[in-house]
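Structure first, then comments.
Nothing fancy with the numbering, it's 1 onward along the sequence. Ligands are counted one by one from 1 in listed order, and the atoms in each one are counted from 1 as well. Small disclaimer: the values here were computed from a predicted structure and weren't measured.
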Amino acid sequence: MKYPNVEIDLNKLTHNVKIMVNLCNKYGITVAGVTKVFCGYPEIAKAYIDGGVTYIADSRIENLIKLKDFNIPKMLLRLPMISEADRVVEYADISLNSELETVKVLSKEAFKKGRCHNIILMVDLGDLREGYYNENEIYEAVEHIIKMDGVKLIGIGTNLTCYGGVIPDANNLGRLVKLSKDIENRFDIDLEIISGGNSSSLYLLMDNKPIEGINNLRLGESLVLGVETAYGNRIDDTYDDVFKLAAEIIEVKYKPSVPTGEIGRDAFGKIPTFVDKGIRKRIICAIGKQDVEIDAIFPLDEGLSILGGSSDHLILDGTESKIDYKIGDKVHFKLSYGGILRLMTSEYVKKKIV
Ligand SMILES: *Cc1c(COP(=O)(O)O)cnc(C)c1O
């Protein structure tokens with residue numbers, strides 16, 4: 001086996017997905033399983049499908065292309081670039097949109113290919129990332145889109161707790177549902193998808209306070225880590241260690257806890273500070289900031305603490321550990337969502353699917 005590697009337990013992932021799909025289905029909500037954190041690896045996405053998601057969703061068209069052989073509707077999460085419109089209509093069945101100019105190009109490309117591309121219009125309920133903020137603009141967009149060839153307006157959606165940290169609630173999601181009804185009435189159309197956000201909307205279901213009218217959620221972090229992300233609570237009967245990192249030890253030495261000499265800047269331009277704890281057992285692993293942020297990884301051995309790192313080195317304090325680590329031993333870590341994202345993206349980190 002090569003190191004560092006991320007080990008991905010598909011049975012645990014499928015289990016998490018089933019728990020979330022059951023919770024959502026209980027309230028008439030379909031799940032779009034978000035694959036971006038693992039770069040759309042098909043072997044891993046298969047666990048989403050086995051777990052019962054209705055859609056596969058990713059922010060990057062490159063990842064949806066990797067998943068083209070799965071017979072399940074695919075959703076592009078990030079607003080399409082005009083320059084990728086041909087690939088979007090080829091490889092995504094649905095895209096989230098907030099610009100009429102872009103939808104026009106999607107319409108043209110889809111019509112050219114004899115396809116029908118489905119549009120979900122995004123509404124900004126105050127988090128200030130993507131979406132129509134002004135309701136009049138969205139009515140205007142709907143009026144144009146329903147007349148276009150090659151595209152079909154199938155719903156509206158929102159994204160919260162991403163830029164502004166705004167928590168989904170009855171007030172903001174209620175506005176989304178009301179807007180969907182207004183659109184249906186005003187234009188005499190049916191909207192089949194009202195997509196009420198990401199893993200930060202799950203707490204509403206866990207608290208048994210679903211928002212009537214929301215019938216879809218786009219879930220990534222909750223599937224992968226078993227957490228809801230509005231308040232950071234763990235979800236019962238799920239795993240938080242589907243993805244685990246293993247790194248190999250390349251040095252073990254007893255050294256002082258404070259550097260010797262005048263202190264300038266570290267490898268990243270910061271002036272470091274130190275607490276004198278005397279001589280400590282210091283362990284260096286062959287992984288660094290080029291692969292992952294050091295605050296995104298958590299040693300499984302609670303006797304280990306992370307001292308710091310540079311591009312290619314991770315320095316641990318092993319003084320308190322019950323394990324007598326030696327050169328060549330492996331150290332294992334749990335991961336945050338950001339940690340999984342970076343590690344899965346790093347070409348230097350092997351992926352070990354079990
Ligand atoms: C990433 C993303 C999601 C999934 O978010 P999680 O917090 O991982 O559940 C949902 N919708 C959009 C638009 C996204 O970009």
Check: What protein heavy atom is closest to atom 12 (C) of ligand 1, reported as residue, atom name and distance in Å?
Finding: N159 OD1, 3.6 Å
Next item on the list: Heavy-atom distances under 4.0 Å are what count here, so tell me which part of V34 touches ligand 1: side chain, backbone, both or neither.
Entry: side chain
Next item on the list: State yes or no: are the ring centers of F70 and Y48 separated by less than 6.0 Å?
Entry: no
Note to self: Take a 6.0 Å sphere around CG of D236 and say whether it holds more than 12 heavy atoms from other residues, nucleotides or ligands.
What the structure shows: no
Next item on the list: Considering only NZ, NE, NH1 and NH2 on the basic side and carboxylate oxygens on the acidic side, decide whether K104 and E101 come within less than 4.0 Å.
Entry: yes
Check: Can you check whether L77 has an N/O within less than 3.5 Å of an N/O in ligand 1?
Finding: no
Margin query: Just to confirm my output: which protein heavy-atom neighbour is closest to atom 9 (O) of ligand 1, and how far is it?
Written below: S199 OG, 2.5 Å
Item checked: N-O pairing of K18 and D237 below 4.0 Å -> no
Next item on the list: Flag Y337 as yes when one of its N or O atoms lies below 3.5 Å from any N or O atom of ligand 1, and as no otherwise.
Entry: yes
Item checked: Geometric N/O contact S59 with ligand 1, under 3.5 angstrom -> no
Notebook entry, point to check: In the protein, what heavy atom is nearest to atom 5 (O) of ligand 1, and what distance, to one decimal place, separates them?
Noted result: N198 CB, 3.3 Å
Next item on the list: Number the atoms of ligand 1 from 1 as they appear, then name those within less than 4.0 Å of a heavy atom of E221, with their elements.
Entry: 6 (P), 8 (O), 9 (O)
Notebook entry, point to check: With a 4.5 Å limit on heavy-atom distance, are the side chains of I156 and I194 in contact?
Noted result: yes
Next item on the list: Find all atoms of ligand 1 within a distance of less than 4.0 Å from any non-hydrogen atom belonging to K36, and give their numbers and elements.
Entry: 1 (C), 2 (C), 3 (C), 14 (C), 15 (O)
Note to self: Salt bridge check, K66 against E43: does any charged N sit closer than 4.0 Å to a carboxylate O?
What the structure shows: no
Item checked: K181: partners by side-chain contact (heavy atoms from CB on, under 4.5 Å), with sequence neighbours left out -> V177
Notebook entry, point to check: Below 3.5 angstrom, do we get any N/O pair linking S222 and ligand 1?
Noted result: no
Checklist line | Candidate with minimal heavy-atom separation from atom 4 (C) of ligand 1, of R218, R60, E130, R129 | finding: R218
Check: What do you reckon, is CZ of F268 surrounded by more than 12 foreign heavy atoms closer than 6.0 Å?
Finding: yes
Item checked: Contact atoms of ligand 1, heavy-atom distance to L219 under 4.0 Å -> 9 (O)
